[in-house]
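Predicted model, so just to flag it, every value in this text is computed and none were measured.
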Amino acid sequence: MTLTTPATSPAGEGRRTGLGLRADVRNLSLLGVLAVLIAVGGLTRPAEFLATSNLQLVLTQASVIGVVTVGMTFVITSGGIDLSVGAIVALASVWATTLATQEFGFAGILFTAVVVGLGCGLVNGVLVAYGGMVPFIATLAMLASARGLALQITDGKTQIVTVPSVLDLGVPDAYVLGVPPLVLVFAAVTAAGWLLLNRTTFGRRTIAVGGNPEAARLAGIDVRRQRLLLYLLSGLCCGIAAFLLVVLAGSGQNTNGNLYELDAIAAAIIGGTLLSGGRGTIVGSVLGVLVFTTITNIFALNNLQSDVQQIAKGAIIVAAVLVQRRTVRGGDT
């Protein structure tokens with residue numbers, strides 16, 4: 001008697017093809033939304049919005065939260081959640097900008113930011129994977145702890161960066177063919193994330209764990225180890241984002257990364273990553289980041305209230321979740 005798996009059976013192939021087509025349609029829809037937003041910005045504030053400096057600013061601002069979102073996409077795809085990313089960015093940025101750290105120059109700041117991010121990710125991963133804690137609770141505890149430690153380090157004060165090699169990355173002279181270095185880092189992280197999720201065993205295991213942890217365990221996947229590695233990856237992305245934020249702001253503050261967790265989750269969801277796990281898309285998450293960043297920029301240029309901006313974002317999130325539910329139900333039929 002021969003057994004066929006969904007991956008090799010005609011039904012399985014049909015389902016995978018259907019998911020691929022829906023992903024393409026979703027990405028094209030996001031590109032359409034982005035095009036509409038660009039048209040709105042161009043019509044309402046043509047001189048300001050379409051200026052090269054403003055477009056560079058939009059991409060630069062998207063880079064910081066975009067790197068965080070790449071890590072968040074992996075965690076959500078595995079069926080988890082990370083509410084601590086914003087606090088980790090804050091902690092990593094202030095720890096990397098202390099006077100003691102800045103004495104080691106560029107390398108010291110970058111190394112500290114990455115190590116702090118990895119350390120926080122390690123704690124989250126151990127608590128979730130080996131401590132048996134619900135991801136929501138474990139990362140919520142990290143959120144509170146990291147924010148508190150960041151405040152304690154800074155004593156509520158802004159820590160100014162005095163290392164020229166770090167500050168120089170944010171000036172126009174450092175741009176490569178008109179592209180800010182931060183955007184290049186974001187592009188590199190995005191490409192690495194896409195390859196990792198779509199072309200490696202690690203990515204397949206992540207999707208398997210998110211789809212059905214017990215089935216993944218029976219298939220020989222070390223589910224606990226995989227979850228630990230995923231939170232480490234999220235922490236690494238937070239460390240990189242913290243360094244980018246230090247370059248962008250030229251300082252470290254305990255308020256850095258405020259609400260990053262919500263923005264990253266929202267961008268991943270509207271991009272097509274399934275909140276319950278089992279499906280994730282790096283391309284969609286990046287498009288989600290660009291949509292939200294463009295909305296923020298348009299609202300700022302038109303001097304619109306931030307509360308209206310938040311309402312617009314909330315409406316987009318609700319719409320995206322409703323579309324997800326319809327898509328999942330369609331895939332189950």
Side-chain angles (χ1 to χ4, degrees), residues 23 26-27 30-31 33-34 37 58-90 92-93 113-114 117-118 120-121 124 135 139 142-143 180 182-198 203 206-207 210 230-245 248 256-275 277 279-297 313-314 316-317 320-321 324:
R26 186 166 47 248
N27 290 340
L30 285 173
L31 284 173
V33 171
L34 191 58
L37 290 174
V58 171
L59 291 175
T60 301
Q61 292 175 336
S63 298
V64 180
I65 185 62
V67 171
V68 175
T69 303
V70 170
M72 181 69 79
T73 300
F74 277 89
V75 173
I76 295 178
T77 301
S78 72
I81 198 73
D82 191 349
L83 300 179
S84 64
V85 291
I88 294 175
V89 168
S93 69
V114 170
L118 284 172
C120 292
N124 280 337
T139 58
M142 176 58 72
L143 183 156
L182 275 66
V183 178
L184 296 177
V185 174
F186 175 35
V189 171
T190 299
W194 186 89
L195 289 172
L196 190 62
L197 184 61
N198 296 283
T206 299
I207 295 171
L230 287 166
Y231 280 99
L232 275 173
L233 178 60
S234 179
L236 172 62
C237 289
C238 289
I240 296 173
F243 178 76
L244 298 183
L245 189 57
L248 182 62
N256 282 343
N258 188 35
L259 296 182
Y260 272 19
E261 56 277 356
L262 298 183
D263 288 343
I265 293 171
I269 291 174
I270 72 167
T273 298
L274 198 61
L275 192 58
R279 188 183 73 209
T281 163
I282 298 296
V283 174
S285 295
V286 170
L287 290 175
V289 170
L290 292 176
V291 166
F292 279 134
T293 307
T294 304
I295 290 175
T296 301
N297 184 259
K313 287 184 177 181
I316 292 174
I317 295 171
V321 171
Q324 271 198 5

For D82, give me all partners under side-chain hydrogen bond (donor to acceptor under 3.5 Å, both in side chains), at least two apart in sequence or on another chain. S84, S234
Distance col, row T273:OG1 vs L197:CG, nearest 0.5 angstrom, shows 8.0 Å
Compare all side-chain heavy atoms of I265 with those of L83 and state whether any distance is below 4.5 angstrom. yes
Distance-only criterion, 3.5 Å: show the donor-acceptor pairs between side-chain atoms of residues 58-72 and protein atoms not counting sequence neighbours.
from: T60; atom 1: OG1; to: Q56; atom 2: O; distance (Å): 2.7
from: S63; atom 1: OG; to: L59; atom 2: O; distance (Å): 2.7
from: T69; atom 1: OG1; to: I65; atom 2: O; distance (Å): 2.7

Atom pair CG/CD1 of N297 and I295 - distance to nearest 0.5 Å: 11.0 Å
Can V185 and F243 be said to form a side-chain contact (heavy atoms from CB on, under 4.5 Å), step by step? CA-CA 11 Å; V185 174; F243 178 76; over 6 Å; no
Check: L118 and L232 side chains under 4.5 Å, non-hydrogen atoms: yes
How far apart are the closest heavy atoms of S285 and A268, and which atoms are they? OG-CA, 3.5 Å
Of all the heavy-atom pairs spanning I88 and C238, show the shortest one and how long it is. CG2-CB, 3.6 Å
Derivation of the side-chain contact (heavy atoms from CB on, under 4.5 Å) call for T73 and T281: CA-CA 7 Å; T73 300; T281 163; over 6 Å; no
Least distance between heavy atoms, I270 atom then L30 atom: O-CD1, 3.6 Å
What is the distance from atom CG of L230 to atom OG of S78, rounded to the nearest 0.5 Å? 4.5 Å
Below 4.5 Å, heavy atoms only, C-beta onward: do I76 and I81 meet side chain to side chain? yes
Which heavy atom of A266 sits nearest a heavy atom of F292, and at what distance? CB-CE1, 3.6 Å
Shortest non-hydrogen contact between S93 and A90, atoms and distance: OG-O, 2.8 Å
Any side-chain heavy atom of V33 sitting closer than 4.5 Å to one from L37? yes
dist L290:CG -> L34:CG (nearest 0.5 Å) comes out at 6.0 Å
For A241 and V89, the nearest pair of non-hydrogen atoms, with its separation, is CB-CG2, 4.3 Å
Would you mind reporting whether L196 and F74 have side-chain heavy atoms less than 4.5 Å apart? yes
